[in-house]
Amino acid sequence: MDEAIIDLNNVCFRWKNSGSILLDIPEFRMKQHEHVFLQGPSGCGKSTLLALVGGILVSESGSLKVLGQELRNLSRSGRDAFRVDHIGFIFQLFNLLPYLSIEENVMLPLSFSSIRARRVGRTKLDRL
């Protein structure tokens with residue numbers, strides 16, 4: 001049986017000082033090599049869901065596991081380290097470095113993670 005790479009159970013999220021719940025996901029599992037297309041109107045929670053799965057935001061309740069790791073159990077710096085080693089995250093409108101090419105922006109995480117660099121067969125000298 002294939003393990004889920006993303007596993008959500010009873011995940012709820014609301015912005016601080018907001019009375020209404022933005023996301024309420026009873027159950028979602030994604031296995032390796034599956035593809036998912038997120039579609040919906042502006043403000044429905046697509047980017048918020050990606051930020052939760054990427055460990056940038058933390059759910060109010062429920063279980064959200066990525067690669068078997070419960071993200072709520074990690075500190076902010078722990079989620080940052082997990083994201084650097086395991087998650088490819090390209091932001092919608094910001095955080096790309098304008099003086100780097102598209103390829104250099106995508107490859108930049110290899111500079112921060114020896115785990116990720118080893119996965120693609122790069123050495124420290126290759127990354128300089």
If you define the side chain from C-beta out and look only at heavy atoms, does anything of Phe28 sit under 4.5 Å from Asn9? no

Residues Gln69 and Phe82: closest non-hydrogen pair is CB-CE1, 3.7 Å

Quick one: does Ile5's side chain get under 4.5 Å of Val66's, heavy atoms only? no

Answer yes or no: are there more than 12 heavy-atom neighbours, outside Leu97 itself, under 6.0 Å from its atom CG? yes

So CD of Glu60 and CD1 of Ile21: to nearest 0.5 Å the spacing works out to 6.0 Å

Roughly how far apart are Thr48 OG1 and Leu22 CG, rounded to 0.5 Å? 5.0 Å

Report the residues that fulfil side chain to side chain contact (heavy atoms under 4.5 Å, CB included) with Asp85, sequence neighbours left out, ordered by chain and then residue number. Ser113, Ile115

If only atom types and distance count, is the side chain of Arg72 paired as donor or acceptor with the main-chain N or O of Val58 below 3.5 Å? no

What verdict does the side-chain contact (heavy atoms from CB on, under 4.5 Å) test give for Arg79 and Ser77, after you've listed the backbone C-alpha separation in whole Å, the side-chain angles of each residue and the deciding distance to 0.1 Å? CA-CA 5 Å; Arg79 290 190 314 274; Ser77 62; over 6 Å; no

Sorted by chain and residue number, the side chain to side chain contact (heavy atoms under 4.5 Å, CB included) partners of Ser61 (sequence neighbours excluded) come out as Cys12

Taking every heavy atom of Cys44 against every heavy atom of Leu23, the minimum-distance pair comes out as O-CD2, 4.1 Å

Find out whether Arg83 and Ile56 are in side-chain contact, i.e. whether some heavy atom of one side chain is under 4.5 Å from a heavy atom of the other. yes

Hey, can you tell me if Trp15 and Phe13 have their rings parallel, tilted or perpendicular (30° and 60° cut-offs)? perpendicular

Just do the side-chain contact (heavy atoms from CB on, under 4.5 Å) check on Leu49 and Leu38 with the steps written out, would you? CA-CA 10 Å; Leu49 174 60; Leu38 291 178; 4.1 Å; yes

From Glu3 CD over to Leu67 CG, what is the distance, rounded to the nearest 0.5 angstrom? 10.5 Å

Identify the heavy atoms of Val11 and Ser59 that sit nearest to each other, and give their distance. CG1-CB, 3.7 Å

For Asp24 against Pro26, the heavy-atom pair lying closest together: O-CD, 3.5 Å

Distance-only, no hydrogens or angles: does the Lys46 side chain make a donor-acceptor pair with backbone N or O of Gln39 under 3.5 Å? no

Which distance, rounded to the nearest 0.5 Å, do you find between the NZ of Lys65 and the CD of Glu70? 6.5 Å

Got a second to check how far Ile6's CD1 is from Leu52's CG, nearest 0.5 Å? 11.5 Å

With distance as the sole test, does Arg29 use its side chain to make a donor-acceptor pair with the main-chain N or O of Ala4 at under 3.5 Å? no

Say you draw a straight line from CG of Asn105 to CG of Leu100; how long is it, rounded to the nearest 0.5 Å? 5.0 Å

Indicate yes or no: at least one non-hydrogen side-chain atom of Val53 is less than 4.5 angstrom from one of Leu71. no

